[in-house]
Amino acid sequence: MVIKTIDAATIQKCFLAGANALDARKEVINDLNVFPVPDGDTGTNMTMTIMSAAREAAAIEQVDMKQLCKAISSGSLRGARGNSGVILSQLLRGFTKEIVKTEEVDVAILAKAFERAVDSAYKAVMKPKEGTILTVARGGAEKAMEQAERTDNLLEFMNTVILHMRDVLDQTPEMLPVLKQAGVVDSGGEGLLTIMEGAYDAILGKEIRYEVEPDKTRVAVGDLGRGADAGAVAEADIKFGYCTEFIVMLEKKFAHAEEKSFKAYLESIGDSIVCVADDDIVKIHVHTNDPGLAIQKGLTYGSLTSMKIDNMREEHNERVIRDAEKKAAEQKDEEEREAKRRGDVLEPIRYETVEDNSETEKKTSMVADPTKGTIEEGSSVKEWKKNAFISVSVGEGLSQIFEDLGVDVIIEGGQTMNPSTQDILQAIEEINADHIFVLPNNSNIILAAEQAKELTEDKNIIVIPTKNIPQGISALVAFAEDSSVEENTEAMTEALSTVKSGQVTYAVRDTSLDGRQIKAGDIMGLSDKTIETVGSDVTETTIDLIKKLMDEESELVTIYYGEEGTEEDAGRIAAAIEELDAELEVDIQYGGQPIYYYFVSVE
């Protein structure tokens, strides 16, 4: 069979087939991860990234190349999770920027698209490492350019490129010793090949699944503004009753001046404004009492799609009743437990559900234009600040520590569920500040934070490359309000090198690493660089880890115990460490993090 060109409808099928192929094999790809920690694994992150784009691509009924490329590029950029997800989103972005120029794709265009995809991905990574998904992608692009001169048959072209990419993937253990020790190939490269093979099956006409399941991982993941709505609807009076969302397909100029004007208009009719322009579309989110006004304004810039209007007052009433019932039940359970502890007998208590319409947060005015200092009264948007902070955190105690240190928005997530670029963008939208410092607190989230920075045009975003929670805390302590943004950036970044960090968790799979055989269920003590110690006892493993992190200059050890730990257990660890050095200060903090028994820092 000979196929020389494919149109947008075929590419849509190929993309959806590739996405579903990855979804079906994500656990197999997860198992290729070298580090056996319970984290946001490669297969999961790549799947959540591509599915964000697949849902947008699948929603296009009358598909054309421009719409399809926009859906794939924008959906993957905003849905990107983890380093592998960000790299995948950049591959897709570069690929679509090439094919969007034509109505049909042939071998020559496809080869150029592969080459542009790789170029985009390499530019996105500060220090590209060979033996990874980047290497596999580059191998495919090089073979594609070579094959484009030999054949015009897309089937022959794709088959040859995929076979070559498989050969490159098989060589990755020779490029990265850690892969060779574990006896696996690179998981990101395997994920990319899985997508390619799924797309190829679609061109061959095999019976495969094109339907995309709705996102069930969280409420409206990737939907601009929705994360803020859930809490706001539950706790505040509803001044503006309709949550209004739509996308404008631009038909006229929409530069910075037009964007600023549109935002100003939306602020005049509502609050919780989100107005994000991305090439030829604008995503709008506003709370207003007259959705028609927002829609009419949007129509002056182009046609509308993906319109959605929710009555928040109805949602509010339902949530208040639900929360009141839950609170009453929790209160009753606590009183009964307390009574049992005291040996008392409680008389039956009557509980009534009461609707609470009191404001939990005082509404403040905002500076509509900080350069002019004009004030718009009655807005529920937070007051404009000079500096603000966003931090990724997991665990009630850790989040409270960050809030006490002045963090404005906490993004729940971290090791076990890496936040997406969209999650970080949404947090940025919630803050009105000249300078916003973002603390990823995980090496697998830094790229997503950098990508959010690139997608933000109207605020100065500074990503401090914190790789763990203790580094994030140290960076915040180093911040000085009276210093310039440049001075603070330097001080916060330098603070990262003053703290040695570790974490204690369990192995989720068997593996071999650094000559050490690790079995599923073993307790592991990890530093930023490697697995430092393995044992069967949590307390002993934690003590051993801290010993390995300490040196003659160590002055302070901080132990953050997780949701499965207790202060008493942490105290026993502290006592053992204090016996090593009487002058060493040991601090115990409640972290409340899941999965990880302890986070530790040594300064």
Side-chain angles (χ1 to χ4, degrees), residues 11-55 57-58 72 75-76 79-92 95 117 121 131-137 139-140 158-159 161-173 176 179 182-217 221 416-418 420 444 508-511 520:
I11 292 175
Q12 181 190 41
K13 285 186 175 181
C14 288
F15 181 67
L16 296 178
N20 280 321
L22 180 63
D23 185 34
R25 296 193 70 237
K26 63 177 179 288
E27 292 304 329
V28 174
I29 295 166
N30 282 342
D31 287 341
L32 294 175
N33 276 26
V34 174
F35 265 54
V37 296
D39 62 1
D41 282 343
T42 301
T44 300
N45 282 336
M46 292 183 72
T47 298
M48 296 184 76
T49 298
I50 200 170
M51 281 302 175
S52 174
R55 278 184 283 275
I72 294 173
S76 62
R81 294 174 186 271
N83 294 340
S84 57
V86 172
I87 292 171
L88 175 60
S89 74
Q90 290 296 332
L91 287 169
L92 293 172
F95 183 88
T132 66
I133 181 176
L134 291 170
T135 307
V136 177
M158 286 289 292
N159 184 56
V161 170
I162 288 173
L163 287 175
H164 181 72
M165 290 174 69
R166 177 61 67 184
D167 288 340
V168 174
L169 179 65
D170 289 341
Q171 295 170 29
T172 55
L176 279 178
L179 296 177
V184 296
V185 296
D186 178 66
S187 55
E190 183 67 49
L192 179 61
L193 254 175
T194 298
I195 296 169
M196 294 281 290
E197 290 167 348
Y200 182 55
D201 285 344
I203 296 179
L204 290 175
K206 292 185 179 181
E207 291 188 11
I208 49 182
R209 186 165 65 93
Y210 297 110
E211 297 79 14
V212 178
E213 295 292 330
D215 189 356
K216 299 176 181 178
T217 59
V221 165
T416 54
M417 176 56 74
N418 300 150
S420 67
N444 210 29
V508 294
R509 62 178 71 89
D510 295 348
T511 191

OG-CG distance between Ser84 and Leu134, expressed to the nearest 0.5 angstrom: 11.0 Å
- prompt: When rounded to the nearest 0.5 angstrom, what is the spacing between CE in Met165 and CG in Leu163?
  reply: 11.0 Å
message: Ignoring hydrogens, what is the shortest heavy-atom contact between Pro173 and Leu179? Give both atom names and the distance.
response: CA-CB, 3.8 Å
message: Can you give me the closest heavy-atom contact between Ala54 and Ala19, atom names plus distance?
response: CB-CB, 3.9 Å
Minimum heavy-atom distance between Cys14 and Ile203, given as atom pair plus value: SG-CG1, 3.3 Å
task: Decide side chain to side chain contact (heavy atoms under 4.5 Å, CB included) for Leu193 and Ile162; before the verdict, give the C-alpha distance in whole Å, the side-chain angles of both, and the deciding distance to 0.1 Å.
output: CA-CA 7 Å; Leu193 254 175; Ile162 288 173; 3.9 Å; yes
query: Residues in salt bridge (Lys or Arg N to Asp or Glu O under 4.0 Å) with Asp201, at least two apart?
result: Lys206
statement: Of Asn83, Asn45, Thr44, the one forming a side chain to side chain donor-acceptor pair (under 3.5 Å) with Asn418 is Asn45
message: Strictly distance-based, threshold 3.5 Å: is any side-chain N or O of Gln90 a donor or acceptor partner for the main-chain N or O of Ala117?
response: no
- prompt: Tell me, do Val136 and Glu190 make a side-chain contact under 4.5 Å, heavy atoms counted?
  reply: no
field: Qualifying residues under salt bridge (Lys or Arg N to Asp or Glu O under 4.0 Å), relative to Lys13, sequence neighbours excluded
entry: none
field: Taking every non-hydrogen atom, the tightest pair across Ser76 and Leu92
entry: CB-CD1, 3.8 Å
query: From Lys26 NZ over to Asp31 CG, what is the distance, rounded to the nearest 0.5 angstrom?
result: 12.0 Å
- prompt: Out of curiosity, Met51 CE to Leu16 CG, how far, rounded to the nearest 0.5 Å?
  reply: 8.5 Å
- prompt: Between CG of Leu192 and OG of Ser187, what distance do you get to the nearest 0.5 Å?
  reply: 11.5 Å
- request: Return the minimal non-hydrogen interatomic distance between Ile50 and Leu22, and the atom names on each side.
  value: CG2-CD2, 3.8 Å
task: Among Asp170, Leu169, Leu176, find the residue that satisfies the side chain to side chain contact (heavy atoms under 4.5 Å, CB included) test when tested with Thr172.
output: Leu169
- request: Compare every heavy atom of Ala121 with every heavy atom of Leu91, then report the nearest pair and how far apart it is.
  value: CD2-CB, 3.6 Å
- prompt: Does the pair Glu197/Arg166 count as a salt bridge with the N-to-O cut at 4.0 Å?
  reply: yes
task: Would you give the length of the straight line joining atom CZ of Arg81 to atom OG1 of Thr42, rounded to the nearest 0.5 angstrom?
output: 14.5 Å
